[in-house]
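Chain letters run A, B, ... following the sequence lines, proteins first and then strands; every chain starts at 1.
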2 protein chains.
Amino acid sequence: MQDEQIEAMAKMLKSMSHPIRLKILCLLLDKELSVGEIREQVQTTHANISQHLNILRGQGIIDYRKDANFIYNKIIDKRILDLIKKIHLLFCPNF
Amino acid sequence: MQDEQIEAMAKMLKSMSHPIRLKILCLLLDKELSVGEIREQVQTTHANISQHLNILRGQGIIDYRKDANFIYNKIIDKRILDLIKKIHLLFCPNF
DNA sequence: CAACTATTACATTAAAAAATGAAATACCCC
DNA sequence: GGGGTATTTCATTTTTTAATGTAATAGTTG
């Protein structure tokens, strides 16, 4: 495996490895959610949520659509769905 | 999924998500290696390698045994083997 | 035991990531 | 257009993580 690929994988993992971002991804596993709906479940400020969403967008993991003055987010990198399911299976076997 | 579990998973992912640490884990996928052997493949200082190894040890991902004045490292958390293989499969399909 | 190799510990500096607060934008409804 | 809601942007501060250099430890060998 090449260093370049390792760098890319590490970057991807890093973008998932913050508790808030991982929680956002778990929330988005099976549905899209607005920023406000995400914020209800993740106790922090608007600005902070927005920044974390931006990191996930920048990494190409999620995308959004606008509807009125709501922004709905969803996971677009299908590999991430797979990966989170695998992590869940390995590390939370009792669910 | 509970916040506690998400925190734990994020912590585990974070420990893997530095390029040097991910590379160390990839090197250790199928064999144990001494600190020096690892260092040959990862261009940085002794001290730095040692610190990264400590993070992986602290997370319970790797363990070591002493032989003479060498320290041989290996992955002990079998879930990590699985996870890295999955990541590899998803993100480097051409290998 | 002296010289040597491998590895770690510790203190410091440098760099990156995260959180915060306030202001800006965008869209809706009356 | 004015007031309201949702979200983002930006600048700043705080916190965390990583790297570096030097000294220390542990084991080996002659």
When the distance from NZ of A:K11 to P of C:dA17 is rounded to whole Å, what number comes out? 10 Å
Taking only side-chain N and O atoms of B:N54, does any of them lie within less than 4.0 angstrom of OP1 or OP2 on C:dA9? yes
Specify the separation, in whole Å, of atom NE2 of A:H46 and atom P of C:dA26. 18 Å
How would you label the contact of A:R21 with the nucleic acid (heavy atoms, under 4.0 Å): base, sugar-phosphate, or nothing? sugar-phosphate
A:K66 NZ - D:dT5 P separation (whole Å): 19 Å
Spacing of B:L56 atom CG relative to C:dT8 atom P, expressed in whole Å: 12 Å
Counting only side-chain heavy atoms from C-beta out, which of D:dT16, C:dA17, D:dT7 sits nearest to A:K14? C:dA17
With the side chain of A:N48 defined as its heavy atoms from C-beta on, choose the nearest nucleotide among C:dT7, C:dA19, C:dG21. C:dA19
Calculate the interatomic distance between A:I49 atom CD1 and D:dT8 atom P; express it in whole Å. 10 Å
Donor-acceptor pair (no angle test) under 3.5 Å: A:Q51 side chain, C:dA19 base: yes
DNA chain C: A:H52 or A:A68, which has the more 5' nearest nucleotide? A:H52
Donor-acceptor check, side chain of A:S17 to backbone of A:K14, threshold 3.5 angstrom: yes or no? yes
Looking at A:I62, is its backbone amide N or carbonyl O close enough to the side chain of A:R57 to form a donor-acceptor pair, meaning the two atoms are under 3.5 Å apart? no
Rounding to a whole Å, what distance do you find between A:I71:CD1 and C:dA26:P? 11 Å
For B:N69 and C:dT5, what is the distance between atoms CG and P respectively, to the nearest whole Å? 10 Å
For B:R65 and C:dA6, give me the distance from atom CZ to atom P, rounded to whole Å. 16 Å
Is it the case that the side chains of A:N73 and A:R65 hold a donor-acceptor pair, with the cut-off being a distance below 3.5 Å and no angle test? no
Of A:D67 and B:R57, whose nearest nucleotide on DNA chain C comes first from the 5' end? B:R57
Return the nearest nucleotide to the side chain of A:L53; candidates are D:dT8, D:dA26, C:dA19. D:dT8
Could B:K23 and A:D3 be called an ion pair, given the rule that one side-chain N must be under 4.0 Å from one carboxylate O? yes
Return the nearest nucleotide to the side chain of A:F70; candidates are D:dT28, D:dA6, C:dT7. D:dA6
How about A:L22 and A:I24: do any of their side-chain heavy atoms sit closer than 4.5 Å? no
